[in-house]
Number of protein chains: 2
Amino acid sequence: MRNIPTATVSRLVTYLRILTDLEDAEIKRTSSDVLAEEAQVSAFQVRKDLAYFGRFGTRGAGYSVPTLRRELRRILGLTRPWNVAIMGMGRLGQALADYPNFDQYDFLLKASFDSDPAKVGRHIGGVDVYAVDEIDERVAASSIDIAFLTVPAQAAQEAAERLVGAGIRGILNFAPTVINVPSGVFVEPVDFVAGLKRLAYYLQGAPAKERVGS
Amino acid sequence: MRNIPTATVSRLVTYLRILTDLEDAEIKRTSSDVLAEEAQVSAFQVRKDLAYFGRFGTRGAGYSVPTLRRELRRILGLTRPWNVAIMGMGRLGQALADYPNFDQYDFLLKASFDSDPAKVGRHIGGVDVYAVDEIDERVAASSIDIAFLTVPAQAAQEAAERLVGAGIRGILNFAPTVINVPSGVFVEPVDFVAGLKRLAYYLQGAPAKERVGS
DNA sequence: ATATGTGAATTGATTCACAGCG
DNA sequence: CGCTGTGAATCAATTCACATAT
């Protein structure tokens, strides 16, 4: 398969959310025009994005909402649950542990880790807190696939290395720093302070382009 | 000025963070190679990104850390404070209100809004909670530039329209939906669930590319 | 000698026009 | 006839090579 643009993957996630909304509204069929309107991209773009993965529509009639939704879930790897751990149970880690309906989103929160002995052994937001030294065994025992990295920036690189060492291949990086991981490990940054600074740039002057980001 | 790629703006934010770290470490000079290493991009890319805005280095000697940092802060519009409000004081809104050292990041939290009468009039995480009907006057009174949109997805579009109606031109959108805003208003999405789904895609198979996202 | 700044080449993504199929 | 699917064309971004300045 051709190499898929990362922007395409982001848009597929958006299309899936729109299809879920349509299905909740019991709408049976849709079109690239409708998806494009909702996702705020062109209809060409929608069809091109889908075409990387196959042919899901009916010419002249558009797409079946349940079918296309099922296909997108399959393409995105959301037909099986993913086991998640939180690394760093500070403010943000705790807020994420409290996040409602994780299971509904195909992700299961299995464990959390913190270097503070006062937190280890406690049960916060529905998840047990373990010592950082227990990572290897907990990751193996719960088949953890993905970690939320919610430690302070200066601790992020070392924490990432512990996670990778334990066998984790997916990291959602909330720390405001670029982390360095070996080949085969995937990092998705989630940095609202960076988003805020980009907003400052666009507000302050610069080009007249309104829609930014992924 | 040429139209600046959004990816360049994202990288400038990263370079600025690196320069701040270097300055904290009292390192006086640096080079495109060092910045590239830290930001995990090529040195060509660093120089090209900077070249959109001017010439900041000395051939043969690299860049002065304080000078380049000052220039990047100016380019990104961070030489003046930005006034921020939070729209939606649920879990996430409250967590953001509690976020430490906002001022240190050149952003001042001035007000928050919620539709729940039980929250209005309270003071949460150092910020007053106002009714949604008070947006116009509070935005004018505190010269609010940017809003954090932290309402549920189904309320996001209407909330965004209230913010835009009140004169806000920058929205950091934490709701997992695409919002539609008029020309001249800037939206930066911050959607960790979307990041999680992209991770599922990359983990599940797909191309062997490890570094993703902005 | 060394590291920046930049036009040219390349690679990649988006847009387009229309062929293909129901 | 309508809307999808897709090669070709356009547009944008990145990479490269090297001229340039100190």
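Proteins get letters first, then strands, A, B, ... in listed order; numbering begins at 1 in each. As a basis for the values below, the full set of heavy atoms in this structure was taken, side chains included, without hydrogen atoms, waters or symmetry mates.
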So, is A:Ser32 close to the D:dC3 phosphate, meaning a side-chain N or O under 4.0 Å from OP1 or OP2? no
For the side chain of B:Gln157 and the backbone of B:Ile179, is there at least one donor-acceptor N/O pair under 3.5 Å apart? no
Using atom CZ of A:Arg55 as one end and atom P of C:dC21 as the other, report the distance to the nearest whole Å. 7 Å
One thing to verify: whether A:Arg138 and A:Asp133 come together as a salt bridge, which I'm taking to mean a side-chain N less than 4.0 angstrom from a carboxylate O. no
Do any N or O atoms from the side chain of A:Ser64 and from the backbone of A:Thr67 form a donor-acceptor pair under 3.5 angstrom? yes
Sorted by number, residues from residues 17-30 of chain A placing a heavy atom under 4.0 Å from DNA chain D are none
Would you call A:Leu196 and B:Trp82 a side-chain contact if the rule is heavy atoms closer than 4.5 Å? no
Here DNA chain C, pairs taken as Watson-Crick or G-U under 3.5 Å and shown with ( ), [ ] when crossing and | when to another strand, reads ||||||||||||||||||||||
B:Tyr130: what forms a ring pair (Phe, Tyr, Trp, His ring centres under 6.0 Å) with it, not counting sequence neighbours? none
A:Asp33 CG - D:dG2 C1' separation (whole Å): 11 Å
Please report, rounded to the nearest Å, how far the P atom of C:dT4 is from the OH atom of B:Tyr15. 12 Å
Do A:Glu188 and A:Leu172 touch side chain to side chain, with heavy atoms closer than 4.5 Å? yes
Once each nucleotide of nucleotides 9-17 of chain C is scored for protein heavy atoms under 4.0 Å, what B/S/- sequence comes out, 5' to 3'? ----SBBBB
Would you say C:dG22 has OP1 or OP2 under 4.0 Å from some side-chain N or O of A:Thr58? no
Whole-Å distance separating the CZ atom of B:Phe53 from the C1' atom of C:dT4: 17 Å
Going by heavy atoms in the side chains, are B:Ser32 and B:Leu35 under 4.5 Å from each other? no
When you check the gap from the basic side-chain N to the acidic O, do B:Arg17 and A:Asp191 get nearer than 4.0 Å? no
Could you tell me the separation between the CZ atom of A:Arg59 and the C1' atom of D:dC3, rounded to a whole number of Å? 9 Å
What do you reckon, is CD of A:Glu158 surrounded by more than 12 foreign heavy atoms closer than 6.0 Å? no
Side-chain heavy atoms of B:Leu50 within contact of B:Tyr63, under 4.5 Å: yes
Would you mind telling me which of B:Arg80, B:Arg74, B:Arg73 makes a salt bridge (Lys or Arg N to Asp or Glu O under 4.0 Å) with B:Asp106? B:Arg73
Sorted by chain and residue number, the salt bridge (Lys or Arg N to Asp or Glu O under 4.0 Å) partners of A:Arg69 (sequence neighbours excluded) come out as A:Glu23
Indicate yes or no for a side-chain donor-acceptor contact from B:Thr150 to the backbone of B:Gly88 under 3.5 Å, with no hydrogens or angles considered. yes
Short of 4.0 Å, heavy atom to strand atom, which residues of residues 70-78 of chain B count as contacting DNA chain C? none
B:Tyr63 atom OH is separated from D:dT22 atom P, nearest whole Å, by 14 Å
